[in-house]
Q: 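Okay, handing you the structure first.
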Amino acid sequence: MDPTTTTNLVIPTPQSSSLSYQPTPNNNNSHILEITLISAQDLAPVSKSLRTYALTWINPNRKRSTKVDNEGHNNPTWNDKFSFKVNEEFLYSENSAVHVEIYTVSWPSGNPQGILNMGVAIIESSMRSMPLICKEIMDPTSLDYRDILDKKMSENYQEVVDDDKQRELNEKVQLWRSMSLGYSEVNNDEFPIKGGSICNGSMANGSMVNGSELCSDVGPSASIVAAEIAAKRYEQLLSTVQPEPRQKVETKKSKEMEDGESSLILEDLTAEEAYAKGLLSSNREKLRKETIATQTQVINGGHARRNSDGGGLFSCFGNAVTDYNYVEIEPQSFTLPSPIPQWPQGKGFAQGKICLGEIEAVQITKFKKIWSCTPLFGKSKSVSFYKPDEIPQGFSIVGHYCQPDGVKNITGYVLAVKDLKPKKSLQDAASKLPALAKPMNYTLVYNANGLYKEVGYIWLPNAPVGYKAMGFVATAEPNEPNLDEVKCVRADLTESCETCEVVYSANSIFAKRQFQVWKTRPCMRGMLCRGVSVGTFFCSTSFTKGDDLTVACLKNFDSSLQAMPNLEQVHALIKHYGPTVYFHPDEIYLPSSVPWFFSNGALLFKDGKDSGIAIDAKGSNLPAGGRNDGKYWLDLPNKDVENRQTVKCGKIETAELYVHVKPAEGGTFTDIAMWIFFPFNGPATLKVGLMNLSLNKVGEHVCDWEHYTLRISNFSGELCSVYFSEHSGGEWVDACDLEFIEGNKSVVYASRNGHASFPHPGCYLQGNTKLGIGARNDCAKSKHYVDSSSKYRIIAAEYLGEGTVVEPPWLQYMREWGPTIEYKSGYEVDEIIKHLPSFFRFSVETLIELFPTELYGEAGPTGPKEKNNWFGDERW
């Protein structure tokens with residue numbers, strides 16, 4: 001197999017003996033040469049699907065290979081690092097070279113074409129990643145780069161080079177940087193420079209190779225960057241970074257600065273890359289924004305390339321990340337499309353503060369970023385840790401916040417709390433303690449360094465006896481956080497919590513790298529539960545499901561739930577936030593009102609009776625209360641075939657949303673569950689690979705209840721998220737990810753025939769998504785829709801007290817709303833298998849396992865009040 005691209009990285013050496021001292025290489029001094037093969041771009045697309053890998057070597061007898069990229073086509077990504085042990089003879093030899101060849105499974109021989117992105121670093125064998133010309137910097141990962149600069153400049157810093165051989169090596173490394181970019185930053189008579197990259201042992205001299213650039217830039221090690229910063233580039237670096245004001249230090253400019261040299265040390269080196277190599281610490285935010293913004297290279301899909309004319313020194317490390325087109329933008333708190341109106345007057349709803357008994361809480365949605373946990377290698381996504389900001393006077397935070405990177409908006413919150421110091425103490429001994437207390441100290445749970453672009457630390461507050469920690473604290477420095485940073489809460493004022501959504505997971509073969517971050521929620525949830533999420537995160541390097549968490553949530557002891565909206569406020573919320581429900585253009589089975597269904601021939605059947613009885617419009621003659629004992633069920637009219645079909649198709653003009661209002665998160669949120677009724681659920685359409693197969697009976701059943709739920713913050717009255725019920729499950733979608741059509745009114749899409757709710761149009765597969773086999777849920781806008789902000793009816797709000805909302809009689813019907821159906825699915829499945837390609841012809845049993853069980857038969861659906869989420873939380 002012929003290589004697609006061959007690149008030899010020749011390491012240049014001094015061409016002249018004019019130096020006062022020419023050292024003899026000491027082959028006993030070994031170094032580690034790290035080669036990172038990151039990616040390639042614009043390889044010739046000679047086949048439809050390229051599967052590429054790369055070989056690199058110094059010794060042809062010891063070649064190293066990357067993994068095969070099966071997805072990148074002609075823009076492969078590997079991110080594989082290799083280490084070679086080299087001696088000083090190799091470093092000083094003018095014939096030394098690093099060879100790279102790119103192969104694919106089927107690629108004819110030809111000239112090199114494309115761009116190769118790689119990183120090169122020289123590491124001392126005795127002190128890994130230490131500065132070569134700065135002996136005093138013993139741990140650059142724990143220092144701030146400005147601290148290094150200030151110290152060195154205030155001492156009128158001179159290069160500390162006691163060994164002439166070391167000085168010679170440093171000068172050579174500077175030369176390598178210059179040659180890699182093709183301009184003579186270090187050009188002088190002793191070291192003549194020629195532009196361009198070195199390919200196959202000869203100079204390309206800046207020309208195009210087979211139609212596109214072939215880049216093989218060799219850059220310096222991280223230690224050289226640190227030493228260069230400390231030695232020479234202070235003034236220009238600070239002018240570029242524009243750091244926060246610091247105490248001025250009288251410095252003496254180097255001769256290079258006085259001569260007006262126009263090079264920026266970090267022009268092509270991003271702050272994340274420098275930080276990952278141990279150069280930067282916490283005070284680097286502006287540097288990151290300035291330097292990342294200069295990058296324009298795109299690895300997949302785009303073809304913008306770095307302009308190296310007048311470029312900086314470090315193009316190699318400028319290519320050392322995969323997000324070439326990435327410009328970091330700090331996420332901001334989400335703002336709804338339209339202003340929130342002035343709600344009708346009430347008790348404590350939307351007042352900004354909520355009383356939880358002995359504790360008062362406020363919701364914080366403003367944050368300051370502390371650090372990002374971004375792996376240098378692997379597929380783990382990055383997350384950032386934030387400190388709550390703009391805390392009201394007298395309140396204290398209980399922990400920090402964590403959120404995945406790459407999102408535009410802050411989607412969460414953190415509670416800050418205040419001790420109300422009740423006048424009358426409770427009887428138990430614990431009540432004599434204050435509600436809040438400082439932690440005794442902190443335990444370091446995790447620190448990210450080495451394999452991450454930034455250094456950071458996660459701390460667990462150690463609560464005093466009788467108290468519990470509510471969250472973790474993140475820092476960018478190794479010092480233990482201040483004891484005033486967070487407060488712990490008295491144990492009797494808390495509830496246990498559990499992990500839910502995984503925010504970040506960095507699994508590794510090394511035990512110390514099994515770092516995971518989760519969101520938390522109260523263990524007991526529902527409208528009768530009092531657990532309150534504080535919005536912080538839980539993290540661990542050894543947590544397994546079922547373990548007790550080291551943090552807790554709050555508990556609301558205010559039985560009056562004063563922050564819940566009154567009835568007038570509920571109506572205002574629905575009118576302001578009520579979504580529009582769109583049905584598919586090909587939908588046959590549309591919704592109707594429950595009274596319309598009863599009035600048009602629906603029947604009540606009883607076990608043992610052959611005929612059903614008519615139901616009055618209000619459902620007053622339905623059996624009320626009790627439990628679903630299977631003795632009663634509803635069905636369509638059965639005497640008039642035409643009327644039966646009419647009822648099956650519903651009457652959208654009569655449709656309305658049936659609203660259940662209930663407390664959530666201990667009364668700190670309001671859930672507005674909106675139920676919609678369909679007289680009939682249509683048959684399913686199966687997707688098998690690229691084929692779509694419409695079924696005749698499978699999936700059909702009489703009556704269908706679906707719902708979605710609006711979650712409103714009782715602190716502010718803002719819409720926080722919407723729950724979309726999707727058959728046997730569902731998902732919460734943050735407000736920032738909703739589709740809004742009018743003001744703060746969002747869109748709900750009901751899937752064709754099955755009526756599951758989704759946030760956006762498209763096809764959602766219910767089944768085995770990896771195999772592409774399952775039931776289709778097709779969603780799209782059409783002329784058929786229901787505006788729930790105007791067509792609704794509140795049917796229950798238990799927290800308002802008995803009699804405030806009169807429940808309709810049919811809501812008390814706890815039995816089945818349709819007959820039990822057992823589909824004879826074998827015939828239909830057999831027909832499906834006959835039409836499948838050979839590689840899709842599973843056995844009937846295997847195919848059945850791939851499809852949702854509800855497609856093959858179920859008992860008749862029950863009404864809203866019989867669902868477990870009526871009193872409990874949504875399924876998520």
Side-chain angles (χ1 to χ4, degrees), residues 329 331-341 343 350 363 365 403-404 406-413 500-501 503 519 521 533 535 565 570 572-584 657 659-662 664-665 668-676 706-727 729-752 755-764 777-782 784-792 869 873-876:
I329 300 176
Q332 302 296 320
S333 298
F334 173 71
T335 302
L336 290 168
S338 296
I340 298 177
W343 305 114
Q363 194 176 64
T365 57
Q403 178 174 297
V407 293
K408 182 179 179 182
N409 300 109
I410 293 287
T411 58
Y413 65 91
C500 49
E501 178 183 345
V503 180
K519 291 182 179 180
R521 63 185 181 185
S533 293
V570 170
L573 289 168
I574 297 173
K575 293 180 184 298
H576 186 73
Y577 292 122
T580 296
V581 185
Y582 279 98
F583 303 93
H584 195 274
L657 277 296
V659 178
H660 178 210
V661 188
K662 57 181 180 176
E665 297 279 354
T668 56
F669 289 88
T670 296
D671 277 1
I672 301 177
M674 310 192 82
W675 294 86
I676 188 167
E706 299 291 345
H707 80 284
Y708 56 88
T709 300
L710 311 182
R711 178 156 287 183
I712 310 295
S713 170
N714 291 345
F715 290 96
S716 62
E718 292 186 37
L719 174 68
C720 295
S721 56
V722 175
Y723 179 83
F724 294 84
S725 176
E726 301 163 3
H727 301 294
E731 64 172 337
W732 285 103
V733 177
D734 292 324
C736 61
D737 295 322
L738 298 174
E739 178 184 342
F740 292 93
I741 56 171
E742 179 187 350
N744 293 331
K745 298 176 183 178
S746 60
V747 175
V748 173
Y749 291 91
S751 64
R752 178 175 173 265
H755 311 134
S757 56
F758 295 92
H760 301 286
C763 176
Y764 299 83
N777 290 275
D778 293 287
C779 301
K781 284 184 180 179
S782 73
H784 305 301
Y785 64 87
V786 177
D787 181 1
S788 66
S789 68
S790 57
K791 302 193 69 174
Y792 71 92
N869 62 318
D873 192 16
E874 303 289 357
R875 304 172 188 171
W876 60 289

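Here the structure is a predicted model, which means the values were calculated and not measured.
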Q: Treating Ser333 as the side-chain partner and Thr365 as the backbone partner, does any N or O pair qualify as donor plus acceptor under 3.5 Å?
A: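 Checked: pair present.
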Q: For the residue pair Phe669 and Tyr413, categorise the inter-ring angle as parallel (less than 30°), tilted (30 to 60°) or perpendicular (more than 60°).
A: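 Plane angle between 30° and 60°, so tilted.
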Q: Could you please spell out the steps behind the side-chain contact (heavy atoms from CB on, under 4.5 Å) verdict for Gln363 and Glu718?
A: CA-CA 12 Å; Gln363 194 176 64; Glu718 292 186 37; over 6 Å; no
Q: CH2/Trp343 to NE2/His576 distance, rounded to the nearest 0.5 angstrom?
A: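 Answer rounded to 0.5 Å: 5.0 Å.
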Q: Check whether any side-chain heavy atom of Glu739 sits under 4.5 Å from a side-chain heavy atom of Ser746, and report yes or no.
A: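 No. Closest side-chain heavy atoms not under 4.5 Å.
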Q: For residues Asp734 and Trp732, determine if any side-chain heavy atom of one lies less than 4.5 Å from a side-chain heavy atom of the other.
A: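 Not touching, per the 4.5 Å side-chain cut-off.
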Q: How many angstroms lie between OG in Ser725 and CD in Glu706, if you round to the nearest 0.5 Å?
A: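 It comes to 5.0 Å.
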Q: Does Arg711 come within less than 4.0 Å of Glu874, counting only side-chain N to carboxylate O?
A: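 The answer is no: the pair does not qualify as a salt bridge.
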Q: I'd like to know whether Thr709 forms a side-chain contact (heavy atoms from CB on, under 4.5 Å) with Val722, so could you lay out the CA-CA distance, the side-chain angles of the two residues, the decisive distance to 0.1 Å, and finally the verdict.
A: CA-CA 5 Å; Thr709 300; Val722 175; over 6 Å; no
Q: What do you reckon, are the aromatic ring centroids of Tyr764 and Phe758 less than 6.0 Å apart?
A: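 Distance test on ring centres: under 6.0 Å, yes.
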Q: Look only at the side chain of Ser788 and the backbone of Pro579, and say whether a donor-acceptor pair between them is shorter than 3.5 Å.
A: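 Side chain of Ser788 to backbone of Pro579, a donor-acceptor pair under 3.5 Å: yes, one is there.
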Q: Find the distance between OG1 (Thr670) and CG (Leu710) and round it off to the nearest 0.5 Å.
A: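 Thr670 atom OG1 to Leu710 atom CG measures 11.0 Å (nearest 0.5 Å).
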Q: Evaluate whether atom CZ of Phe334 has more than 12 neighbouring non-hydrogen atoms of other residues, nucleotides or ligands under 6.0 angstrom away.
A: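 Check passes, neighbour count above 12.
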Q: Are side-chain heavy atoms of His707 and Tyr723 found at a separation under 4.5 Å?
A: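 Yes; the side chains approach each other to less than 4.5 Å.
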Q: How far apart are the closest heavy atoms of Leu719 and Tyr577, and which atoms are they?
A: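 Distance-wise, the nearest heavy atoms are N-OH, 3.4 Å.
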Q: Looking only at heavy atoms, what is the nearest atom pair of Ser716 and Ile340, with distance?
A: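 Ser716 and Ile340 have their closest heavy atoms at O-CD1, 4.4 Å.
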Q: side-chain hydrogen bond (donor to acceptor under 3.5 Å, both in side chains) between Lys575 and Ser789: does it pass, once the steps are laid out?
A: CA-CA 4 Å; Lys575 293 180 184 298; Ser789 68; over 6 Å; no
Q: Side chains of Pro404 and Val503: does their closest heavy-atom pair fall under 4.5 Å?
A: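 With C-beta onward as the side chain, the pair touches.
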Q: Apply side-chain contact (heavy atoms from CB on, under 4.5 Å) to the pair Tyr708 and Val733, showing each step before the final yes or no.
A: CA-CA 11 Å; Tyr708 56 88; Val733 177; over 6 Å; no
Q: With distance as the sole test, does Ser757 use its side chain to make a donor-acceptor pair with the main-chain N or O of Val748 at under 3.5 Å?
A: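 The answer is no, because no donor-acceptor pair under 3.5 Å joins these two groups.
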Q: So, for Val659 and Val661, which heavy atoms are closest and what is the spacing to 0.1 Å?
A: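 Closest heavy-atom pair between Val659 and Val661: CG1-CG2, 3.8 Å.
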Q: Counting N and O atoms only, with roles assigned by atom type, does the side chain of Glu665 sit under 3.5 Å from a partner on the main chain of Ser533, one being a donor and the other an acceptor?
A: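 Side chain of Glu665 to backbone of Ser533: a pair is present.
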Q: Check whether any side-chain N or O of Ser782 sits under 3.5 Å from a backbone N or O of His784 as a donor-acceptor pair, and report yes or no.
A: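 Yes, the answer is positive, given that a donor and an acceptor are paired below the 3.5 Å cut-off.
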Q: Checking His760 side chain against Val747 main chain: does a donor-acceptor pair fall under 3.5 Å?
A: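 Pair absent, no side-chain N/O of His760 close to backbone of Val747.
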Q: State the CG-NZ distance between Asn869 and Lys662, to the nearest 0.5 angstrom.
A: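 Those atoms lie 5.5 Å apart.
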Q: Drop me the distance from Asn744's CG to Leu336's CG, to the nearest 0.5 angstrom.
A: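 With rounding to 0.5 Å, CG (Asn744) is 4.5 Å from CG (Leu336).
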Q: Gln403 side chain to Asn409 main-chain N or O, any donor-acceptor pair under 3.5 Å?
A: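 At least one qualifying donor-acceptor pair exists.
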Q: Check the pair Phe740 / Ser338 against side-chain contact (heavy atoms from CB on, under 4.5 Å), numbers first and verdict last.
A: CA-CA 10 Å; Phe740 292 93; Ser338 296; over 6 Å; no
Q: Measure the shortest side-chain to side-chain distance between Lys781 and Tyr749 over non-hydrogen atoms and say whether it is less than 4.5 angstrom.
A: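 Yes, at least one pair of side-chain atoms sits under 4.5 Å.
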Q: Could you give me the CA-CA distance, side-chain angles and deciding distance for Arg875 and Glu726, then say whether salt bridge (Lys or Arg N to Asp or Glu O under 4.0 Å) is met?
A: CA-CA 10 Å; Arg875 304 172 188 171; Glu726 301 163 3; over 6 Å; no
Q: I'd like to know if the side chain of Ser751 and the backbone of Ala756 have a donor-acceptor N/O pair within less than 3.5 Å.
A: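 Yes, because the side chain of Ser751 sits within donor-acceptor range (under 3.5 Å) of the backbone of Ala756.
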Q: Any non-hydrogen side-chain atom of Ile574 less than 4.5 Å from a side-chain atom of Met674?
A: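 Sidechains of Met674 and Ile574: in contact.
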